[in-house]
Amino acid sequence: MADAEDGRIRLSVYDFRQELTMDIAYKLAQIGINGTLYKLYTAAIELGEAPIAEVAARAGMVRTTAYDALSRLEQEGLITLQEKRGKRYVIALDPNTLMEKLEGRRQMLSELLPQLRSMYNRAKGKPQIRFYEGIEGIRTALRDTLTITDTPKVVRGILSMEELMQTPGRAEMDKFINDRVDAGIWLKVLRSEQKDVEPIWPSSNETLRELRYCPPDMVLSMTTFIYDQRVCLISSKQENYGLIIDSVEFAAMQRTLFDAIWALSAPGH
């Protein structure tokens, strides 16, 4: 009875390990580490540091066929190859590298996505409208303006301070301004004095801002940004949304209207 019980326990442990191994293999495959790469990477992790021949043998491969895959793993930053005592050693790096790598890719893609989407839409010859709801949506729409690729980097903006102080709020606007300045993006901004609630955000070389106030009989009550071939609209707290229209023709029209009002407006101080 004891032998049978021990056998069942060993079988249970074996099944658990098999299931765990399959789960790891499946998840690593989702980020491109599969087949030969998976076998060599897991062998390298298990050995920690070992000659290439030993790692290849652990992975069930011959040394000559392992070189290309190990070079790929080194390029991916998952292992390093070093010469020691006349042999080339494989040294596994901390698996945290995987998370750092994925985060780096995510950040890079996040920065590239607006440009790639614009290229795609231009090729298709059609505009795109993106609707973002709630405070997070407004932040997303607002920060899309920082992806401008025009040269020079100049965003045209109509700002309704009264609404912006409520949504997304002063703290978020201060952070946005700092990030805009860090990115070297100038803001040509039109405001209505009736909508100003604090004596802030003047014309300033330091904060890359040129301000003009539109004529008194013209109240600009919705925040709008024009950049590249996009127009970003930020609603009041009551309606609570951000909207981005990616359209060459619409952006050109909004740019023309902005410049017409700009020519009629008085410099701010």
Side-chain angles (χ1 to χ4, degrees), residues 27 30-31 96 98-122 124 126-150 153-192 195-198 200-201 207-209 211 219-248 250-251 254-255 258:
K27 289 177 178 175
Q30 303 308 300
I31 57 174
N96 276 332
L98 285 169
M99 185 62 72
E100 294 168 3
K101 183 178 181 61
L102 289 173
E103 180 60 26
R105 284 180 175 174
R106 188 201 65 79
Q107 180 64 30
M108 179 186 67
L109 287 172
S110 178
E111 293 171 358
L112 282 176
L113 196 57
Q115 292 95 313
L116 293 174
R117 186 182 288 117
S118 296
M119 291 168 63
Y120 173 80
N121 289 331
R122 283 198 296 273
K124 292 292 184 180
K126 63 181 181 181
Q128 182 184 43
I129 298 174
R130 287 177 275 158
F131 179 81
Y132 301 97
E133 192 170 8
I135 182 64
E136 285 303 321
I138 287 175
R139 289 195 187 103
T140 298
L142 179 65
R143 301 193 72 79
D144 188 77
T145 64
L146 301 179
T147 66
I148 182 173
T149 59
D150 278 343
K153 291 184 176 181
V154 179
V155 172
R156 292 168 169 82
I158 296 171
L159 267 62
S160 179
M161 186 187 292
E162 184 178 353
E163 278 74 28
L164 289 173
M165 285 300 176
Q166 297 178 47
T167 306
R170 175 68 181 273
E172 185 65 29
M173 286 303 300
D174 285 343
K175 185 176 186 302
F176 168 73
I177 292 168
N178 289 336
D179 291 343
R180 177 178 60 77
V181 172
D182 288 343
I185 300 170
W186 270 88
L187 177 66
K188 290 179 65 173
V189 57
L190 286 168
R191 299 210 306 257
S192 296
K195 289 290 184 177
D196 277 9
V197 293
E198 293 186 46
I200 56 174
W201 306 342
T207 54
L208 309 184
R209 183 190 301 107
L211 167 66
V219 180
L220 305 175
S221 59
M222 188 169 194
T223 293
T224 305
F225 294 97
I226 307 158
Y227 53 105
D228 293 341
Q229 67 286 330
R230 281 166 282 167
V231 178
C232 171
L233 304 170
I234 305 293
S235 78
S236 66
K237 185 176 182 179
Q238 180 178 352
E239 296 195 352
N240 207 29
Y241 70 85
L243 183 69
I244 296 175
I245 302 174
D246 194 331
S247 164
V248 173
F250 185 72
Q254 292 299 311
R255 193 176 294 109
F258 179 96

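If you're wondering where the values come from, they're calculated on a predicted model, not measured in any experiment. Positions are given from 1 along the sequence.
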Quiz item: Looking only at heavy atoms, which two atoms of Ile234 and Ala141 are closest? And how far apart?
Solution: CD1-CB, 4.1 Å
Practice problem: Over all heavy atoms of both residues, which pair between Thr145 and Cys232 is shortest? Give the atoms and the distance, please. | Solution: CG2-CB, 4.3 Å
Quiz item: CG/Leu190 to CZ/Phe258 distance, rounded to the nearest 0.5 angstrom?
Solution: 4.0 Å
Self-check item: side chain to side chain contact (heavy atoms under 4.5 Å, CB included) evaluation trace for Asp144 with Phe225
Solution: CA-CA 10 Å; Asp144 188 77; Phe225 294 97; over 6 Å; no
Quiz item: Looking only at side chains, do Thr147 and Arg230 share a donor and an acceptor under 3.5 Å apart?
Solution: yes
Self-check item: Heavy-atom side-chain proximity of Trp201 to Leu211 below 4.5 angstrom
Solution: no
Quiz item: Is any side-chain heavy atom of Arg143 less than 4.5 Å from a side-chain heavy atom of Glu172?
Solution: yes
Self-check item: Residues which pass salt bridge (charged side-chain N to carboxylate O under 4.0 Å, His left out) with Arg209, listed by chain and number, not counting sequence neighbours
Solution: none
Quiz item: CD1/Ile226 to CG/Leu233 distance, rounded to the nearest 0.5 angstrom?
Solution: 9.0 Å
Quiz item: Can you name the closest pair of heavy atoms from Thr207 and Arg180 and give their distance?
Solution: O-NH2, 3.0 Å
Exercise. Sequence neighbours left out, what passes salt bridge (charged side-chain N to carboxylate O under 4.0 Å, His left out) with Arg170? Give chain and number order.
Key: Asp174, Glu198
Quiz item: So which of Val154, Leu208, Asp150, Leu146 actually passes side-chain contact (heavy atoms from CB on, under 4.5 Å) with Ile185?
Solution: Leu146
Quiz item: Can Val219 and Lys195 be said to form a side chain to side chain contact (heavy atoms under 4.5 Å, CB included), step by step?
Solution: CA-CA 8 Å; Val219 180; Lys195 289 290 184 177; 4.0 Å; yes
Quiz item: Do the side chains of Arg191 and Leu220 get nearer than 4.5 Å, heavy atoms only?
Solution: no
Quiz item: Where do Met173 and Leu142 come nearest, in terms of heavy atoms and distance?
Solution: SD-CD2, 3.9 Å
Quiz item: Can you pull the side chain to side chain donor-acceptor pair (under 3.5 Å) pairs that have at least one residue in residues 235-245, sequence neighbours excluded?
Solution: none
Quiz item: Under 3.5 Å, is there a donor-acceptor pair between the side chain of Arg255 and the main chain of Asp228?
Solution: yes
Quiz prompt | Atom pair OG1/CZ of Thr224 and Arg156 - distance to nearest 0.5 Å | solution = 13.5 Å
Quiz prompt | Closest heavy-atom pair and its distance - Gln128, Arg130 | solution = OE1-NE, 3.9 Å
Quiz item: Is Ile200 close to Met165 at the side-chain level, that is, under 4.5 Å between some pair of heavy atoms?
Solution: yes
Quiz item: Do the non-hydrogen side-chain atoms of Trp186 and Lys188 ever get within less than 4.5 Å of each other?
Solution: no
